[in-house]
Structure formats: structure tokens, C-alpha cells
Novice: 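Supplied in C-alpha cells, the structure appears directly below.
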Amino acid sequence: MASRPGKVAMFEQFAADGIRLVFGNPGTVEQGFLDVLEQRADMEYVLALQETVAVAIADGYARATAGPALVQLHAGVGLGNAVGMLYQAMRGHSPLVVVAGEAGVQYESMDAQMAADLVAMARPVTKYATRVTHPGSVLRVLRRAVKTAMTPPRGPVFVALPMDVLDAQTAEPAVPSTVPSRAVTPAAYDLDRAARVLRDARSPVILMGDGVAVSGAQEELALVAERLGAPVWGVDSSEVNIDTAHPLYRGQLGHMFGHVSAAAVRDADAVLIVGTYVFPEVFPHLVSPFREDARIVHVDLDDYEIAKNFPVDVALCADPKLTLAALADRLPPAPVRPALAGPPPEGDTLMDAFAAEIARRVPAGLVVFDEALTASPALTRRLPARVPGSYFLTRGGSLGVGIPGAIGAKLARPDAEVVGFTGDGGSMYTIQALWTAARHNVAARFVICNNRRYQLLDDNIEQYWRERDVPPHAHPSGFDLARPEIDFPALARSMGVEAVRVDKPAQVERAVERMLSAPGPFLVDLDTGGTR
């Protein structure tokens, strides 16, 4: 391989790994390799106006492709802006390859402007963080980054790229990264132990998470649930891990309060945990919520998460798809496959009407990115998550993923109809993502569920009052977003995105028609503050 600068070789490496998009926000110490990127016809730079947005778009792209997404940040200041969204990606196991430039190794001792320990900054919010210090290892380190990001349990990785290292020559060959298979099945003895626990149970419960979707184990999970007759609860579940119209699906346990999870498992004498840890609430139970005599089987490829918080009886670090299939073979067949759930219950909100109209007009192929938060129950009543890859829920606790996540999903699925839902508060964290959608003509649709306040905080503080016997009183003024009112359609139009306001039932049909027929991105400001 002939020598060429590392800044040239790095894009040869990304091309070898099938990476064609770079999501980022430029800076001076990255200008050398961004100049090279501009000369490559096989790659496109997706410009975001802030680093949080770049990471969130990449996160949506990675979720929709189940592949790596490349993010470019600007030195320590850019990495600092991105930390919150990187935490979201880490909690959600998104395979992001994040790079940031540095002035150069030669300047390290100077402690000059923008100097920072990037690796130390990135380490708490990534699966792996490192720095290239020699031109002969640029591609080796980038391949390691892709491998680490894509190996289950997947997650974001970070590589610091000093400018002088990238300017130097390297003769490294650009070859595809190696991603090891972790499609392993437990030993027959361990499968027999797990099957006995589940087969002997009178009231089993299944707790599932996104490891099911990563493994492609949705059908196997449903089969095991049917053979056990076990209700299935989503735990840290943000993908389609089971058809939510399945009669054994009971819903999400939530992410705030441990008493919700405790109620779901209180009567279970056996619990099968698949592809998640327990429990992911902000305020979890500090003592085990399981019955003293309950027996627990935990299946996951992430050995750190197995029995992390509570002991289990059978711990299987293995692929969920293969393991569930093997367990199903060891369980007696279900006498009759249960019928799918009936039509959704009626609702009388504008969100119900709006989501129902979308369902009527887009019967198949719709991709939903859901950051509707308190409006989400009405949304999922009308647009239930049924097909793998068709629904992505916010995760990790960061606000602002709905708009950029939908942009990333649309870039990944250009032929699909993609609608992102967010709140009025959440949207303002990343509203400048609309500019990126307009600039790159990404025809995603965005719905802002506008109740003029942080409604989730209202709900949570009311729970806080109940737990402490505090008499109800006015919510903190900091939860209110009505003064001054945000004109979302005008804000969208200022960034090149057409928009409409919907605050009456009679406006719904026309608004949905306009949204779905728009040739480019389109935003709907939907009043979710009251009933129809």
C-alpha cells in the first residue's frame, strides 16, 4: 500500500466499512480531514448546527440501519456539547463511531486554547474511548472502534484524532473491520435448568428489553411467551421487541418509579428476563421486588447486566434468539395460539384523531420515532408498534431526540414514510435540526405535541407529593412554557421547513394530508393540551 496522509487513509477505511455519511459540526482542528472528505464523491457530510443534533441524527440513523454511524465533533467544546446525547446512545447501545480533532500531539505540553483530555471526557459516556498518537496506527485504531461499536452489547466509541498525526504519512491498508459473532447458545445442561424453572412455574412473567431486537428474537420471544402463557412487560424497551398487539403483551414498566415494576412481578413464581437489566427506573427499589420463592432466568449478551442488581438462579450470557428457540423446544406446545388483541380503545384527544388519520392514510411501511412522552399513550393506541424496525422510542433520559432521530431514520430509510413525535419542551433542545432537514432535503415529518409545559414534570412531582404526604399545590413555575408562547410554525419556516398549526378536530384531516404529501420536511404543531 502506497503512503498517503492519515487524513486521506481514514476515509478509505470508512468506505471499506460501508460508511457513506458523516454527521457533524465543523471546527478548525478538523479542517484538514474535512477538506479531504469534500473531495470524495462516495461520502456526504450531513451538517448539523450543534453537536447534540449531530449525535442525535446519527443515533436515529444507527437505530434504523442497525449499523455503525460516523459522527464528527469539534475538539473538547464539541464533545462537551455532545455528552448528554452520547449518554443516551450509550444507554441505548447505539453503534456510533465518534471522532474529534485535536490541534496536535506536538502541542500537548503547551496547555493551549481548546486543549482538553478528550479521552477522559468521553470515557463515561462511551463503550470505548482512545486517542491515535502515531500515523502508523490510524486505520488500526479506527477498525478497532468499528469492531467495538458493533460487537454486542453495542455502543458508542470515541477516537481523538490529532491534526499532526493525520497530516503524517501512513502505509496502512484500508480493509473492512472485523466484527466477531456472538451468536452463541448455552450448553444443553444450562438450557435444561432454565427450562425446568419456567416449565414448573404456575405464574411466570417475562421482562424483555432491546437485546431482543438486536438479536432479531421477536418471534422466538412470542413463542416462549405463548408456551408459558406468560405476560410480557417491556423493560428499558425502545424497539419492537414483540408485536404490541399480542394478547400477552402488557405494556412498558416505565422508567421513573420502582413500585410500578414491583407490582408487575409481585405474584410471579418465575421470571424470564431477556435482553435487558432490571430495573432501569430513576427511583428503583433498593430491595428485591421479586417474591422470596421466585426463581429467575436471565438471558443477555451483556454479561455486566446479568444479575447486576439482584441475584438470579440461571444466568445465561448468550444470544437471545438462539437461546429462546432452544428454550421453546424444551417447553410443551401451547394448546392454541392466542388471537391478536382487538381494535384499540377509543380516545378523544387531538393526538388520537391525528394518529388515527395517519394510520388510515399510511396502512403499511410507516416508521415512527416516538418522543411524545405524555402524549405517547394516545399515539401508540392508534399506531401500535408491530413490525420490527418500524418504531423507535426515546431512551436514556435525554430530551430532544424526536426531531433529529426522525431525520436519521429517514436518511436510513429514504423510501419509508418517517414521522417523528416530540414535545414542545423537548423539541427546543434540538430545534435547529429542522435546518439540517431542509438543507439536505430530508422529507421526514415532525409533530410537536404542544401542551405549553413540561407535563412529565407535573406528573412526577405529583407522585413525589403523594409519597411524602405533601398537600397538592401549584406546580413550580419552571414547568410552564406558555409565557411567551413559542410560534413553532414560524420557527420552522425560518429554517426552511413548511409547517401548520392544528388546534381543532376539523383541521386534522387536511393537516395530515399536507404533511404526507409535502415533497420535503414538514412540521405540525399539534395542540395536546386538551380534549377534542
Side-chain angles (χ1 to χ4, degrees), residues 10-11 14 19-31 33-34 37-38 43-65 67-92 94-102 114 118 121-122 125-126 129 145 149 155-161 369 371 392 394-396 398-412 420 422 426-442 444 446 495-497 521:
M10 64 183 283
F11 291 108
F14 292 136
I19 295 172
R20 65 177 189 85
L21 297 178
V22 183
F23 306 95
N25 183 263
T28 303
V29 294
E30 296 83 24
Q31 59 191 357
F33 68 77
L34 292 179
L37 170 60
E38 198 68 18
M43 289 192 176
E44 180 182 359
Y45 188 76
V46 179
L47 175 61
L49 298 182
Q50 207 261 9
E51 289 85 359
T52 299
V53 175
V55 175
I57 295 175
D59 181 75
Y61 182 85
R63 294 179 73 177
T65 60
L70 177 60
V71 183
Q72 171 266 317
L73 304 176
H74 172 46
V77 290
L79 177 57
N81 286 340
V83 161
M85 203 57 71
L86 282 173
Y87 177 84
Q88 169 107 351
M90 181 185 70
R91 281 292 187 182
S94 284
L96 306 185
V97 178
V98 182
V99 299
E102 287 184 0
M114 293 197 301
L118 301 186
M121 289 177 63
V125 292
T126 56
V157 300
F158 174 80
V159 181
L161 297 172
F369 207 103
E371 195 193 18
F392 303 100
T394 181
R395 57 197 183 184
S398 301
L399 285 179
V401 302
I403 292 175
I407 294 171
K410 181 64 174 178
L411 286 167
T422 186
S427 70
M428 290 304 295
Y429 284 68
T430 53
I431 196 70
Q432 61 269 62
L434 294 175
W435 184 91
T436 298
R439 176 185 177 91
H440 296 276
N441 195 32
V442 181
F446 314 105
M495 289 183 278
V497 174

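Counting from 1, the numbers follow the sequence of the chain as shown. The structure presented is a predicted model; accordingly, all values stated were derived computationally and were not measured.
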Novice: Has the side chain of E371 got a donor or acceptor atom that lies under 3.5 Å from a matching backbone atom of G402?
Specialist: yes
Novice: Measuring only between side-chain heavy atoms, which start at C-beta, is E102 closer than 4.5 Å to V29?
Specialist: no
Novice: Are the side chain of T430 and the backbone of G400 linked by a donor-acceptor contact shorter than 3.5 Å?
Specialist: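 Here the side-chain-to-backbone pair exists.
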Novice: Does R395 offer a backbone N or O that forms a donor-acceptor pair with the side chain of Q88 under 3.5 Å?
Specialist: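 Yes: the side chain of Q88 pairs with the backbone of R395.
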Novice: Looking only at atom types and distance, does a side-chain atom of E51 sit under 3.5 Å from a main-chain N or O of G80, one as donor and one as acceptor?
Specialist: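 No, E51 side chain to G80 backbone: no donor-acceptor pair under 3.5 Å.
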Novice: If you round to the nearest 0.5 Å, how far is CG of N441 from NZ of K410?
Specialist: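 One finds 10.0 Å between NZ of K410 and CG of N441.
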Novice: If we ignore hydrogens and angles and just use 3.5 Å, is the side chain of H74 paired with the main-chain N or O of G24 as donor and acceptor?
Specialist: no
Novice: Would you say T52's side chain and N81's backbone share a donor-acceptor pair under 3.5 angstrom?
Specialist: yes
Novice: Check whether any side-chain heavy atom of F23 lies under 4.5 Å from a side-chain heavy atom of L96, and answer yes or no.
Specialist: no
Novice: Just verifying a value: how many Å separate I57 CD1 and T436 OG1, rounded to the nearest 0.5 Å?
Specialist: 4.5 Å
Novice: Determine whether a donor-acceptor pair (N or O, by modelled atom type, separation under 3.5 Å) exists between the side chain of N25 and the backbone of A48.
Specialist: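 Between the backbone of A48 and the side chain of N25 there is a qualifying donor-acceptor contact (under 3.5 Å).
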Novice: Checking the side chain of E30 only, and the main-chain atoms of A75 only, is there a donor and an acceptor separated by less than 3.5 Å?
Specialist: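 Confirmed, E30 side chain pairs with A75 backbone.
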Novice: What's the shortest heavy-atom distance between L399 and M85, and which atoms?
Specialist: O-CE, 3.9 Å
